[in-house]
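One structure is given here, and the rest of the page talks about it.
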4 protein chains.
Amino acid sequence: MPKKSEAKRRRIKEVALRVFAEKGFAKARISEIARQAGVADGTIYLYYKSKDDLLIRIFEEEMDGIIPQVRERVAKGRSAREKLSSFIDAHFEIVESRPDLATVLEIELRQSNTFVRNHLKQKFKEYLDIIAEIVLEGQQRGEIRPDISPSVAKQAVFGALDDISQNWLVLQPRKVKLSEFAPDVKKILLDGLCLHPAT
Amino acid sequence: MPKKSEAKRRRIKEVALRVFAEKGFAKARISEIARQAGVADGTIYLYYKSKDDLLIRIFEEEMDGIIPQVRERVAKGRSAREKLSSFIDAHFEIVESRPDLATVLEIELRQSNTFVRNHLKQKFKEYLDIIAEIVLEGQQRGEIRPDISPSVAKQAVFGALDDISQNWLVLQPRKVKLSEFAPDVKKILLDGLCLHPAT
Amino acid sequence: MPKKSEAKRRRIKEVALRVFAEKGFAKARISEIARQAGVADGTIYLYYKSKDDLLIRIFEEEMDGIIPQVRERVAKGRSAREKLSSFIDAHFEIVESRPDLATVLEIELRQSNTFVRNHLKQKFKEYLDIIAEIVLEGQQRGEIRPDISPSVAKQAVFGALDDISQNWLVLQPRKVKLSEFAPDVKKILLDGLCLHPAT
Amino acid sequence: MPKKSEAKRRRIKEVALRVFAEKGFAKARISEIARQAGVADGTIYLYYKSKDDLLIRIFEEEMDGIIPQVRERVAKGRSAREKLSSFIDAHFEIVESRPDLATVLEIELRQSNTFVRNHLKQKFKEYLDIIAEIVLEGQQRGEIRPDISPSVAKQAVFGALDDISQNWLVLQPRKVKLSEFAPDVKKILLDGLCLHPAT
DNA sequence: GATGAATGAGTTTTCATTCAT
DNA sequence: AATGAATGAAAACTCATTCAT
């Protein structure tokens, strides 16, 4: 594919991401994306099969950039604790630096039609599995409690991060940085809420 | 007897909940709800102002039933740990016994139009605040780590429960009971993932 | 028919006239008329066959009251000029004293569906014919120009009165009395606009 | 070539005018207009914002063609009498040659919803003011009776013309030409009905 | 490659009227 | 006579997608 086209594809992608974030996928108009990208409506269909395809491919391309980044960062941690801590930091930083992306992913991931959702979830699993891998490895190395399912841990950790991120995203006047929540989240997930261990 | 038929109102509500869960709010058709409820399309509008109103009122009525129930159950716990444990059990039991309701609430809460979402969120906050109250009281009684924001704890706990519930709901062949995840979730949230406390 | 029913019929008629004038026939709701009349929706249909019938019969009953009144008043005039003058005064006075009625008649007479309009026009012709009769008789008595068709005269006179009445009705703050226009209208219709007769 | 097809816009306008005249604005169906114009329903909305907009713009465009034409014709008259005479002729000729247009204007001008009516009335005032101007100028030149309000004269003249035009339009088998009424109308409005001036 | 005019499927809601009580 | 709950037909408008140029 010629370079010229690649630039256009990128412009469409960037505009689409912004419009999806602003209006939500359902209310976003192809004609609005075309207008802002400076192309004709029909041109979008030369680069993307459909509106659904546009969302799916934006998501996949972004995740393909993010996942290795997060993996690399997590790899630097010397213990499971450090790795989980890095994951939490990385997640919050991504949400903070790419709010449009985060808004689209976190919100559209749950709605959209089944077709789109299934595509998104598939790619998303790769991201979530980073957590599961850390937990499993930590258990093997005796750093993580062995009596917890890595799958449940994965969901619990991501659910917590996601809920906090989402609430932060909808708070219009973001006076507070999302990363400020990281310490508390780490305490809860890594060390638990309770002071006295269960008997 | 109240104005119009209370039984008919209930039948419409039950059918609507089922159809909303199956199709999603946006794709649910008033005509389909009417057909399944055995009434004319127009009859729905004698009981509910609009499709939006139908969703909002189903949600509010259900939450008004659920919140006191959960509160009562939580109140029986003698410690913050027991109360949180009860909340987790209660949440999973509700999702398990009312999957339609849970599907509608958890999914529509994030999408729908702004008008509907705002209504839903407002009522939903009452539910989430049960967690925040437990945490705050637990901190005052020296049972919960004092260095954690109740608000962050609330979001982390609910996020974890919600993510697990949602994943369970979309797993079509529900071979496993949701409540089986409760022990692991409690371990994580109450005692943490790590074996060795942070230095 | 018992007296009790007659009172109810009249109440329905009066309320309907007011609601038709306020909202227009199309936007008027049977349920609103019923509510204001203090009866059930269905009760209206014991007295009137349909919404159309309600309009038609209000119109006919009112015209049956008005036509003899105007005829009587016109009869007192000793010349065609006096009779036409009386007709103009009478018309303006009716519009002024019964604005609801005038609004409904003048506006709905032109719209509504064909069925209704035909009914209304039929009864309305009786009213307009008062003018034609004055003109014809005036011509026979040498008071009115013989070279004018009574039918054209009838339409011209009524059209002029009607247009002025209608404009007055839509002027919300009726600071000026409609009857103040009578002298000018009489000058125009009875004596003409021009100072120098056609050559 | 202008954006989209001007020919298509015109075809839609012409068809719409015909359908509005036949069915009335309220009963006219967009789908019927589209079918007769040989376009898809949605295409109408590429050219006109809404059904209301379609009516308003047809009206305004037609009046923008008619008003200068009538003004020009009236300007040729050397006296107020001649000018009024020309106005009457012009009005009847327009109604006769464009019965669809006249039907839509005369009927919808009075009904429609407030939004539409206000738009129509505004443009219509320009037309009526031609009469007022003739009268005012005639009064200044001593050709028209000075003791008559130009506004009342305007309403009386237009009301007369309008009522006659409308009656002619609803007479289905138009055996008689509308312009045949012009001489009588001129006699009445210009010279008055009465033979003996008021004392 | 690019355009943008054209397509046409799809659904909530209102309200006059009915009829069982 | 009166009620009022129930009925169900009916129509404007949007917007993703296509395809002739």
Side-chain angles (χ1 to χ4, degrees), chain A residues 1-2 4-5 8-9 25-35 37-54, chain B residues 1-5 8-9 26-35 37-54, chain C residues 1-2 4-5 8-9 25-35 37-54, chain D residues 1-5 8-9 26-35 37-54:
Chain A
M1 201 168 311
K4 194 180 162 201
S5 284
K8 194 168 284 186
R9 175 193 296 278
F25 180 74
K27 289 208 174 258
R29 302 287 161 247
I30 287 289
S31 57
E32 173 69 8
I33 294 168
R35 197 186 57 74
V39 299
D41 292 18
T43 305
I44 302 216
Y45 290 86
L46 298 176
Y47 293 89
Y48 296 94
K49 274 212 303 278
S50 65
K51 195 185 172 191
D52 280 2
D53 185 52
L54 188 49
Chain B
M1 201 187 338
K3 234 177 49 163
K4 296 163 203 163
S5 157
K8 192 165 288 189
R9 176 191 296 275
K27 293 218 172 254
R29 302 287 161 248
I30 286 289
S31 57
E32 174 67 11
I33 294 169
R35 197 187 56 73
V39 299
D41 290 17
T43 304
I44 307 262
Y45 292 86
L46 296 177
Y47 293 89
Y48 296 93
K49 273 210 302 281
S50 65
K51 196 184 169 191
D52 279 2
D53 185 53
L54 187 49
Chain C
M1 202 164 316
K4 196 181 162 199
S5 284
K8 192 167 288 190
R9 174 192 298 276
F25 179 74
K27 290 208 174 258
R29 304 287 160 243
I30 287 289
S31 57
E32 173 69 9
I33 295 169
R35 196 186 58 74
V39 299
D41 291 17
T43 305
I44 302 220
Y45 290 85
L46 298 176
Y47 293 89
Y48 296 93
K49 271 212 305 278
S50 66
K51 194 182 171 191
D52 280 359
D53 184 54
L54 188 49
Chain D
M1 200 187 338
K3 235 179 46 163
K4 293 164 206 162
S5 154
K8 193 165 289 187
R9 176 191 298 277
K27 290 217 175 256
R29 302 286 161 244
I30 287 289
S31 57
E32 174 69 9
I33 295 169
R35 197 186 58 73
V39 298
D41 290 19
T43 303
I44 308 260
Y45 292 88
L46 295 178
Y47 293 89
Y48 296 93
K49 274 209 304 277
S50 64
K51 196 183 171 193
D52 279 3
D53 185 54
L54 188 50

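Chain identifiers are assigned alphabetically (A, B, ...) following the order of the sequence lines, protein sequences preceding nucleic acid strands; residue numbering begins at 1 within each chain.
Nearest-nucleotide mapping onto DNA chain E: of K8(D) and T43(B), the residue sitting toward the 5' end is K8(D).
Across dA16(F), dA16(E), dT12(E), the shortest atom-to-atom separation from the side chain of R29(A) is found for dA16(F). Picking from dT7(F), dT7(E), dA2(E) the nucleotide with the shortest atom distance to the side chain of A40(D) gives dT7(E). The side chain of L46(A) lies closest to dA2(E), out of dA2(E), dA6(F), dG8(E).
Using a 4.0 Å heavy-atom distance criterion, A28(A) is classed as a sugar-phosphate-only contact.
When rounded to the nearest whole Å, the span between CD1 of I33(B) and C1' of dT12(E) equals 11 Å. Residue K27(C) contributes atom NZ, which lies 16 Å from atom C1' of dA16(E) at whole-angstrom precision. Atom P of nucleotide dA2(E) and atom OH of Y48(A) are separated by 13 Å, given to the nearest angstrom. Residue R35(A) contributes atom CZ, which lies 17 Å from atom C1' of dT3(E) at whole-angstrom precision. Atom CD1 in I44(C) sits about 13 Å away from atom C1' in dC15(E), given to the nearest Å.
Applying the Watson-Crick and G-U wobble criteria (two distances, each under 3.5 Å), dA20(F) pairs with dT3(E). Checking dC13(F) for Watson-Crick or G-U wobble geometry (two distances, each under 3.5 Å) identifies dG10(E) as its partner. Across all strands shown, the partner of dG8(F) is dC15(E), judged by Watson-Crick or G-U wobble contacts whose two distances both fall under 3.5 Å.
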side-chain contact (heavy atoms from CB on, under 4.5 Å), that's the test. Do K8(A) and L46(A) meet it? Break it down for me.
CA-CA 11 Å; K8(A) 194 168 284 186; L46(A) 298 176; over 6 Å; no
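When every heavy atom of R35(C) is checked against every heavy atom of E32(C), the shortest pair comes out as NH2-OE2, 3.1 Å. The nearest pair of heavy atoms linking R9(D) to Y48(D) is CG-OH, 3.4 Å.
With contacts defined as side-chain heavy-atom distances shorter than 4.5 Å, the pair Y47(C)/L54(C) does not qualify.
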Sort me out a list of protein N/O and nucleotides 17-21 of chain E N/O pairs below 3.5 Å, or just none if empty.
{"from": "dT17(E)", "atom 1": "OP2", "to": "Y45(C)", "atom 2": "OH", "distance (Å)": "2.9"}
{"from": "dT17(E)", "atom 1": "OP2", "to": "K51(C)", "atom 2": "N", "distance (Å)": "2.9"}

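Atom CD1 of residue I44(B) and atom CD1 of residue I30(B) lie 5.5 Å apart, to the nearest 0.5 angstrom.
Listed pair Y47(B) / dA6(F) meets the phosphate criterion, a side-chain N or O lying under 4.0 Å from OP1 or OP2.
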